Every structure is written in structure tokens, then in C-alpha cells.
Enquirer: 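Input: one structure, supplied below.
The first residue in the sequence is number 1, and the count goes up from there. On a predicted model such as this, the values are computed, not experimentally measured, just so you know.
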Amino acid sequence: MTLFDPSCIPSNLYRAAQVAAMDRHAIATLPVAGFELMTRAARAAYSVLRERWPALRTLSVVCGPGNNGGDGYLLALKAFEQGLDVRVYPAGYAAQLGGDALRAYRSYVDAGGAVLDFIPEGFEGAEVLVDALFGSGLNRDIEGHGADIVQAVNRFRGKVFALDIPSGLNADTGAIRGIAVKAGVTLTFVAAKQGLFTAEGPELCGDIYLDNLDLPLSIPASQPVSAELLPRRLKPFSGPRARNAHKGHFGHVLVVGGAPGFSGAARMAAEAAARVGAGLVSVATHPDHAAVLGIGRPELMCHAVACAAGLHDLLQAATVIVAGPGLGRSGWAEELFQAAIGSGQPLIIDADALNLLARTPSRSDRWVLTPHPGEAARLLATDTRTIQQDRFAAVDLLQRRYGGVVVLKGAGSLVQGEGGRPAVNANGNPGMSGGGMGDVLSGVIAGLLAQRLDPLEAAGAGVCLHGHAGDCAAAESGERGLLASDLFAYLRAGVNG
């Protein structure tokens, strides 16, 4: 069954080796051969082609030396039999074919299908180009002739459709193996691979579809789930608020931040907490601007704090503390940060507070850390490239080293708590790559935590809600020019179901 709506992809994610084990398990335990699975993959791919491009007349397919290439040959055969103008480019790998892939190649050639032994410029003007070069089993960087072919695919001006995974994308991490195909549509088979949804995965895959090749549920159940997708929409809270509710029932968020020149970060985090339903929101900020920070949002209680002593009563009154938005790294910032983490209250550690934590690392089960890749690199004493090469490994190491719950932000944000598997967020868009978005997220998580969600639940729900609000705002007016404050109305709507 092909899931044509990308938002309906099941939540369970797997590594490439696990999906390969599912294939072997199906062949060993069911009355199904490997070539039959390849035939089903081709049939599913043709259905997606017709779903996406119903008027399609011309098709080019680039095939590699393995089973991914075999899928491509059988897709080409299906399209050829249906009257399409089809060209297949074996990319110099036909002599390496064996097993089911060789059988697929011969089936296409014996039917009279055209095979070219060179890559023409623009693939002869085909409307759609199918990437069946390297599948999810690729375990090395693409170099030499293979890299030349990928470059030719990426120069193609039409639509690119990847089978199983864009060639060169690491199915486990979402990193690029030397070079990778950029597809507009990807159809993945059997089960969803975790690398499709984070790091470079969302950019290279485009719209993602899944076909389970008509295998029973016992096949994916034969392997443990390695990660999971967060819901596309926030699950509603457990019904309406009680008619006799008051502000004390919904927590008190305290935002500690806003050094001179950076008051907006603290303001946005505070308003986000209020917009998702926190009963009270206070801001402890620098005396230079405390008096004006709340102008335009009088519901926020803004306090001038010159030193840690002035923070004591505010910390004790809070249910949840957000430390970091606009905090800076000065002596004032360090003093307030140490007071916040020493308060014994639940914490969201964000922005400059993460940089201060990296200076003097410590561990706590009371906090949620929300680093972007650069901050994660400082926390782990490494570089951003290393973080992005394996975001799953990075979020796991951050959680084990610092405790609590960790949200590793970026394309396909990851959420992980102690002893659990990571959750991946498929919401969000490039328009959210702007100042203040992280401050809004920290406020959202704090506001949900204040309403008695546990830290892992608040972090996952907050990431989901934040990304969905960004998508709603972008859908209304576009991604360019999207401001963090544009999310507020959609946060309120999202938290109300």
C-alpha cells in the first residue's frame, strides 16, 4: 500500500540495516521472492508517478548496479508497457549486475526497452528523471564516475523522483555521502528510514511517500524501532479547562534574560509562554530596559534585576524557569545563570545559557536543553560539522552527558530523554531560519511544562506546536520575511486544538 499523503507516514522509523533485515525476514518466512518485492516496488513507483504527474509522457531512469537499479529497470518496464517514451541509463554499471537486478535488466531489454550507455545533456528533455542509482544500503562516499552521474542528475531541469532514498543520502543520519541527488519526490520502501527526516534529508527528499510492498505488520515488527516521528499536529489537551479554573492552576513561567540590546529575545520567549496557556509570566531582565520591555504586552510582569540577590524571590515564585534568551555572557549573565540553575526549579536552558553551561558543564534531570548545532558543538567540545554528520548520535551524547531532555534544533529537530529513543520533528520550514525563533520555542516548552506536562512530553509537544505554527504562518504569506512573532496567533490556535 502506498501512502500518498506524506503527512500519513507512520511514526516508527528504522535504520537501513533494520529495513534490510526486514527484507530478508520477508523472503525467508513468506511465500514471496526477492524479485517479487522488486516488482512490487516498481508497481508502487509507477503509481506515484501517475499520482504526481498524470499527464506524464516522457521518462528517464538512471539505474545503478544493485537492487535499487533493479527497481529502476522494472519501473522503466512498467512505464514502457503503458506507452510512455522511456530511456534507461545504466550509467556504466550494467556489467556489474547480478541476481534479481540482472533479471530486472533483462526483462526490460527483452521487452524492447531502450538502454543508452552514456548520459546525455538534459536527459533528452524528459519530463521526469528517476534516481535508481544507489539505495539505502550505500555504505561509502560516492566518488568518481558515480559522482559525475549525480552531478548530471542535479543539473536536470525537470522533476527528479528518487526510489527508496536519494542516492548519496545516509539513510541512518541524514548526512551526505560525498555527493547526493536532490529529489522533489521520494518513495521509500518497506519502512521509513530515520535519515530521511533530519539534517540534509528533508532538503534532498522533497515529498516523502512510503510503500510497505504489501508486507504484513509482522515484518516491521520483527525489528526494534530506532526513532519515531512527532505528530504533525499537537494532540489536544484533555478537554476544556474547568469553569472554576484560575491562573494559579496553569503555572508561573519566569524568563531570565535580556542583556542590554537583547531585550527582544526575553520578550518573545515570555509572550510565547503566555500564548500557549501559562497562567502567569514574569521576566527578570537588565535594569536598562525593564521599564519598557512590557510595552505592548502589559500581561507580562517585568522586573529589573541588577544582581542575583534581586532574583531570589522571583525564582521561588516560579513554576518553570527559562534561562538564556538574550542573556549574554557577561558577569551579570553568569551570576543570574548560576542562581537559576541553583534554584531547584524545572528549567529550560537556551541560547546564551547553553554557552555558559558549556564553560562549566554540569548535569541535571530538571532541565530541558534546546541547543542549535553550534551550541551543541560547544557543549560537546567539537564542531558543527561533526554534530550534523550524525545528529542522532549527538543528541544521545548530549542527553547522557548533561541529563534531562535535549532538543537538538535544526531541520528535523530531535527530542530525546533519558533511556528513550529520539523523536524527529517533520514540521517547520526554511522561513523559520531567523532571529527569535529559538526564543519562541523555549517559551512554548516552558508554557507547556508549567501546565503540568512532564519535561519529555512538553519538549515533544512544544517542538511539534512550534513547527506547525511556523508552517501555518508560512502558508498564509510565504516563507521569506517570516518573523518569530508571526507565530503567536498560530500557537494559540494550535494549543486549543
Side-chain angles (χ1 to χ4, degrees), residues 246-343 345-354 356 368 370 435-451 462 466 483-489 491-492 495:
H246 59 77
K247 60 190 177 186
H249 289 147
F250 307 112
H252 186 167
V253 173
L254 172 65
V255 178
V256 179
F262 298 96
S263 60
R267 160 69 185 273
M268 284 187 287
E271 183 164 351
R275 287 294 186 183
V276 300
L280 293 167
V281 181
S282 294
V283 183
T285 192
H286 198 275
D288 281 5
H289 51 244
V292 298
L293 190 144
I295 292 175
R297 185 55 60 220
E299 296 87 351
L300 305 179
M301 297 175 285
C302 301
H303 305 269
V305 177
C307 62
L311 197 57
H312 179 269
D313 290 345
L314 297 172
L315 294 172
Q316 295 309 304
T319 307
V320 179
I321 300 162
V322 181
L327 185 63
R329 307 186 203 183
S330 66
W332 173 82
E334 177 74 38
E335 189 177 347
L336 267 60
F337 170 67
Q338 293 299 333
I341 65 173
S343 67
Q345 303 285 42
L347 289 150
I348 313 298
I349 306 294
D350 184 34
D352 282 321
L354 292 165
L356 295 172
V368 177
T370 61
M437 287 290 178
D439 304 308
V440 170
L441 175 61
S442 64
V444 168
I445 296 172
L448 297 176
L449 188 57
Q451 294 173 79
H466 179 259
L483 301 180
S485 56
D486 292 338
L487 272 59
F488 290 145
L491 290 173
R492 182 184 176 191
V495 83

Enquirer: Only pairs at least two apart or in different chains count here, so list each ring pair (Phe, Tyr, Trp, His ring centres under 6.0 Å) that has a residue in residues 253-279.
Expert: none

Enquirer: What ring pair (Phe, Tyr, Trp, His ring centres under 6.0 Å) pairs are there with at least one residue in residues 315-336, not counting sequence neighbours?
Expert: His286-Trp332

Enquirer: How would you list all residue pairs meeting salt bridge (charged side-chain N to carboxylate O under 4.0 Å, His left out) that involve residues 273-296, not counting sequence neighbours?
Expert: Glu271-Arg275

Enquirer: Provide the closest heavy-atom pair for Leu441 versus Gly462 in the form atom of the first, atom of the second, distance.
Expert: CD1-O, 3.7 Å

Enquirer: Do Met301 and His252 have side chains that approach each other closer than 4.5 Å (heavy atoms only, starting at C-beta)?
Expert: yes

Enquirer: Taking all non-hydrogen atoms of both residues, which atom of Gly326 and which atom of Ala265 are closest, and how far apart?
Expert: N-CB, 3.5 Å

Enquirer: Tell me, which pairs form a salt bridge (charged side-chain N to carboxylate O under 4.0 Å, His left out) where one or both residues lie in residues 325-334, sequence neighbours left out?
Expert: Arg329-Asp352, Glu334-Arg359

Enquirer: Taking atom CD1 of Ile321 and atom CD1 of Ile341, what is their separation to the nearest 0.5 Å?
Expert: 10.5 Å

Enquirer: Of all the heavy-atom pairs spanning Leu347 and Ala340, show the shortest one and how long it is.
Expert: CD2-O, 3.7 Å

Enquirer: Do you know which two heavy atoms are closest between Ala333 and Gly328, and how far apart they sit?
Expert: CB-O, 3.3 Å

Enquirer: Run the numbers on Val440 and Phe488 for side-chain contact (heavy atoms from CB on, under 4.5 Å), then give the verdict.
Expert: CA-CA 9 Å; Val440 170; Phe488 290 145; 4.1 Å; yes

Enquirer: Please tell me if the side chains of Val444 and Leu487 come closer than 4.5 Å, counting only heavy atoms from C-beta onward.
Expert: no

Enquirer: Table please: side-chain donor-acceptor pairs of residues 302-318 below 3.5 Å, with sequence neighbours left out.
Expert:
none

Enquirer: Tell me the closest heavy-atom pair linking Ala266 and Gly258, and the distance in Å.
Expert: CB-N, 4.0 Å

Enquirer: Can you tell me which residue among Leu280, Ile295, Val281 is in a side chain to side chain contact (heavy atoms under 4.5 Å, CB included) with Leu300?
Expert: Val281

Enquirer: Would you check, one step at a time, whether the test side-chain contact (heavy atoms from CB on, under 4.5 Å) holds for Leu448 with Val495?
Expert: CA-CA 9 Å; Leu448 297 176; Val495 83; 4.1 Å; yes

Enquirer: Measure the spacing between CE of Met437 and OG of Ser485 and express it to the nearest 0.5 Å.
Expert: 8.0 Å

Enquirer: Going by the rule salt bridge (Lys or Arg N to Asp or Glu O under 4.0 Å), which residues pair with Asp350 if we only count those two or more places apart in sequence or in a different chain?
Expert: Lys409

Enquirer: Backbone N or O of Gly257 within a donor-acceptor pair of the Thr285 side chain at under 3.5 Å?
Expert: yes

Enquirer: Measuring from Leu254:CG to Ile348:CD1, what's the distance to the nearest 0.5 Å?
Expert: 12.0 Å

Enquirer: Specify the closest pair of heavy atoms between Leu449 and Pro346, including all atoms of both residues, with the distance to one decimal.
Expert: CD2-CB, 4.1 Å

Enquirer: Is Ile349 close to Phe337 at the side-chain level, that is, under 4.5 Å between some pair of heavy atoms?
Expert: yes

